[in-house]
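Residue numbers start at 1 and run along the sequence shown. The structure displayed is predicted, hence computed values, not measured ones.
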Amino acid sequence: MALLRGCLCGSEEDFRGLLNMENLRLFSYKEIRAATNNFDQSNKIGRGGFGTVYKGVWDDGTAFAAKVLSSESEQGIKEFLAEIESISEVKHANLVRLLGCCVQRKSRILIYEYLENNSLDHALQALGSANGTTSLTWSTRSDICVGTAKGLSYLHEEHEPNIVHRDIKASNVLLDRDYRPKIGDFGLAKLFPDNITHISTGVVGTCGYLAPEYFVHGQLTKKADVYSFGVLVLEIISGRRISQTIHSDMFLVREAWVLYQQGKLLDMVDARMEEYPEEEVLRYIRVGLACTQATPSFRPTMAQVVALLSQPVALHETAAAMRPPSFAEHHCGGHHTPDGPSAGPVVQTSPKARWRPPAAEAEAEEQPACSAKFTYSEVAPR
């Protein structure tokens with residue numbers, strides 16, 4: 001109990017269960033501070049709504065990632081324990097491994113395995129940088145899509161109880177030295193016992209990734225993760241971060257559906273990806289669109305997504321099979337006036353063939369937590 005004593009972020013009883021977790025090690029604040037060189041800024045590798053992530057190195061040379069929750073963090077004791085409970089027993093090649101935690105003093109620190117290539121968001125940001133030389137081949141992008149889908153499928157179908165992540169986004173997909181993806185950050189995760197079909201809950205997450213039924217009604221199911229994954233696929237193929245399009249008329253998901261209706265899906269492929277198998281890329285885009293349909297029951301399960309991505313199975317291309325959805329207009333700060341319902345299409349296809357982020361475009365900020373108003377608008381004329 002020595003490593004729990006003096007923790008001011010909750011009662012000792014709150015953390016008693018940590019001692020009974022066989023796969024979880026309790027670290028001292030002193031040894032983490034030493035391994036991160038007193039949390040030096042040069043070791044900072046990421047920052048989110050709940051705190052800062054630092055790289056650390058143990059005495060034996062093993063690197064790790066320390067997620068240090070700030071005292072002002074929105075993630076309270078309940079969420080901190082939920083993250084530990086959600087991932088401490090989870091073992092899958094496409095899920096980040098939790099090594100342990102620290103709850104001494106006012107500190108709440110989670111210790112994860114270290115992944116050399118940071119996050120998918122970081123990789124996409126490097127693609128869009130004016131001085132960026134990073135190039136993601138189709139093979140790498142395909143592996144990221146499939147690996148992330150397998151990790152989600154494990155959470156939804158195989159882990160007992162099932163887990164809904166609730167915050168699938170590019171910055172929560174981490175990449176190892178070979179660019180293999182691992183899903184991280186389980187602070188918002190919800191456990192779904194077998195007898196539960198949905199949970200009504202407060203809306204949390206990141207703008208652009210939220211499923212309409214969850215965003216509007218707070219109705220959470222596994223299909224909310226499926227929607228977020230669909231957005232992720234469109235980001236990977238287009239090379240565009242959702243934060244680049246969230247305030248514009250060319251919102252990534254909406255534009256993809258317009259191109260689908262016009263039979264020009266290849267126009268959304270990242271122009272920097274010069275060689276790729278067209279039919280396979282088209283299949284991936286259609287899977288992404290199927291995942292972002294407005295009606296949850298129309299979306300595939302993640303197990304079905306893995307099968308569709310892994311095998312050359314043709315998706316039906318009829319209008320009846322793929323219905324253009326209504327879109328959640330995520331207004332996250334700033335002044336934005338939606339056009340609302342209209343007699344014609346809301347957006348026109350971009351005249352540019354294959355999207356290329358402008359070289360001079362400033363780097364987008366971390367996507368804010370969503371506190372948005374919601375409007376419906378259709379792509380197709382009414």
Side-chain angles (χ1 to χ4, degrees), residues 120-121 123-128 132 134-146 148-149 169-170 173 208-209 226-294 299-300 305 308-309 314-317 319 321-330 345-359 361 364 367 377-380:
L120 173 59
D121 185 66
L124 292 174
Q125 185 174 338
L127 280 176
T134 302
S135 176
L136 295 178
T137 65
W138 170 246
S139 177
T140 299
R141 298 186 200 217
S142 171
D143 288 347
I144 292 173
C145 289
V146 174
T148 305
K169 58 182 178 180
V173 175
Y209 293 96
V226 175
Y227 182 95
S228 302
F229 175 79
V231 176
L232 203 66
V233 170
L234 299 180
E235 285 186 292
I236 291 170
I237 292 175
S238 68
R240 295 171 59 83
R241 301 159 72 209
I242 197 70
S243 57
Q244 292 175 309
T245 72
I246 196 70
H247 295 293
S248 74
D249 288 335
M250 207 166 81
F251 176 52
L252 185 60
V253 179
R254 181 170 56 187
E255 184 74 2
W257 275 99
V258 171
L259 291 172
Y260 169 77
Q261 287 186 303
Q262 298 182 350
K264 299 179 180 180
L265 277 181
L266 289 179
D267 282 2
M268 74 170 294
V269 178
D270 188 351
R272 292 156 298 207
M273 191 169 62
E274 296 180 356
E275 296 182 3
Y276 57 89
E278 290 189 2
E279 287 304 314
E280 186 175 12
V281 170
L282 284 171
R283 189 173 80 249
Y284 274 56
I285 298 174
R286 293 184 188 116
V287 170
L289 292 177
C291 291
T292 59
Q293 295 207 89
R299 299 172 205 152
V305 167
L308 289 169
L309 293 177
L315 289 173
H316 295 295
E317 296 187 30
M322 297 277 279
R323 306 181 184 183
S326 299
F327 296 100
E329 302 289 353
H330 300 281
V346 173
V347 296
Q348 300 294 326
T349 304
S350 169
K352 298 180 180 178
R354 301 181 66 188
W355 293 334
R356 182 191 299 273
E361 188 173 33
Q367 299 102 312
S377 54
E378 295 287 340
V379 165

Trainee: Could you measure the distance from the CD atom of E275 to the OG atom of S139? Nearest 0.5 Å is fine.
Mentor: 12.5 Å
Trainee: I'd like to check the side chain to side chain contact (heavy atoms under 4.5 Å, CB included) partners of V233; sequence neighbours left out, ordered by chain and number.
Mentor: C145, F229, I237
Trainee: Is there a side-chain contact between Y209 and E235 (heavy atoms, below 4.5 Å)?
Mentor: yes
Trainee: Flag the pair D121 and K169 as a salt bridge only when some basic side-chain nitrogen lies within less than 4.0 angstrom of an acidic carboxylate oxygen.
Mentor: no
Trainee: When you measure from the side chain of R299 to the backbone N and O of Q293, does any donor-acceptor pair fall under 3.5 Å?
Mentor: yes
Trainee: Do E274 and W138 touch side chain to side chain, with heavy atoms closer than 4.5 Å?
Mentor: no
Trainee: If every non-hydrogen atom of V226 is compared with every non-hydrogen atom of P300, which pair is closest and at what distance?
Mentor: CG1-O, 3.4 Å
Trainee: Do L234 and M268 have side chains that get closer than 4.5 Å, going by heavy atoms?
Mentor: yes
Trainee: Measuring only between side-chain heavy atoms, which start at C-beta, is V305 closer than 4.5 Å to C291?
Mentor: yes
Trainee: Checking R272 side chain against L127 main chain: does a donor-acceptor pair fall under 3.5 Å?
Mentor: yes
Trainee: If you compare all heavy atoms of L252 against all heavy atoms of V231, which two are closest, and at what distance to 0.1 Å?
Mentor: CD2-O, 4.4 Å
Trainee: Would you say the side chain of Y260 lies within less than 4.5 Å of the side chain of L282, judging by non-hydrogen atoms?
Mentor: no
Trainee: Check the pair S238, V269 against side chain to side chain contact (heavy atoms under 4.5 Å, CB included), reporting the backbone distance first and the verdict last.
Mentor: CA-CA 5 Å; S238 68; V269 178; over 6 Å; no
Trainee: Answer yes or no: is there a side-chain heavy-atom contact under 4.5 Å between F251 and I242?
Mentor: yes
Trainee: Could you measure the distance from the CD1 atom of I236 to the CG atom of L120? Nearest 0.5 Å is fine.
Mentor: 5.0 Å
Trainee: Check for a donor-acceptor pair, side chain of Y284 on one end and backbone N or O of L309 on the other, with a separation under 3.5 Å.
Mentor: yes
Trainee: Is there a side chain to side chain contact (heavy atoms under 4.5 Å, CB included) between L266 and L259? Walk through the geometry before answering.
Mentor: CA-CA 8 Å; L266 289 179; L259 291 172; over 6 Å; no
Trainee: Between D270 and R240, does any side-chain N to carboxylate O distance fall below 4.0 Å?
Mentor: no
Trainee: Any non-hydrogen side-chain atom of L289 less than 4.5 Å from a side-chain atom of L265?
Mentor: yes
Trainee: Answer whether the closest heavy-atom distance between the side chains of T137 and M273 falls below 4.5 Å.
Mentor: no
Trainee: Can any side-chain N or O of R141 pair as donor or acceptor with the backbone N or O of L136 at less than 3.5 Å?
Mentor: yes
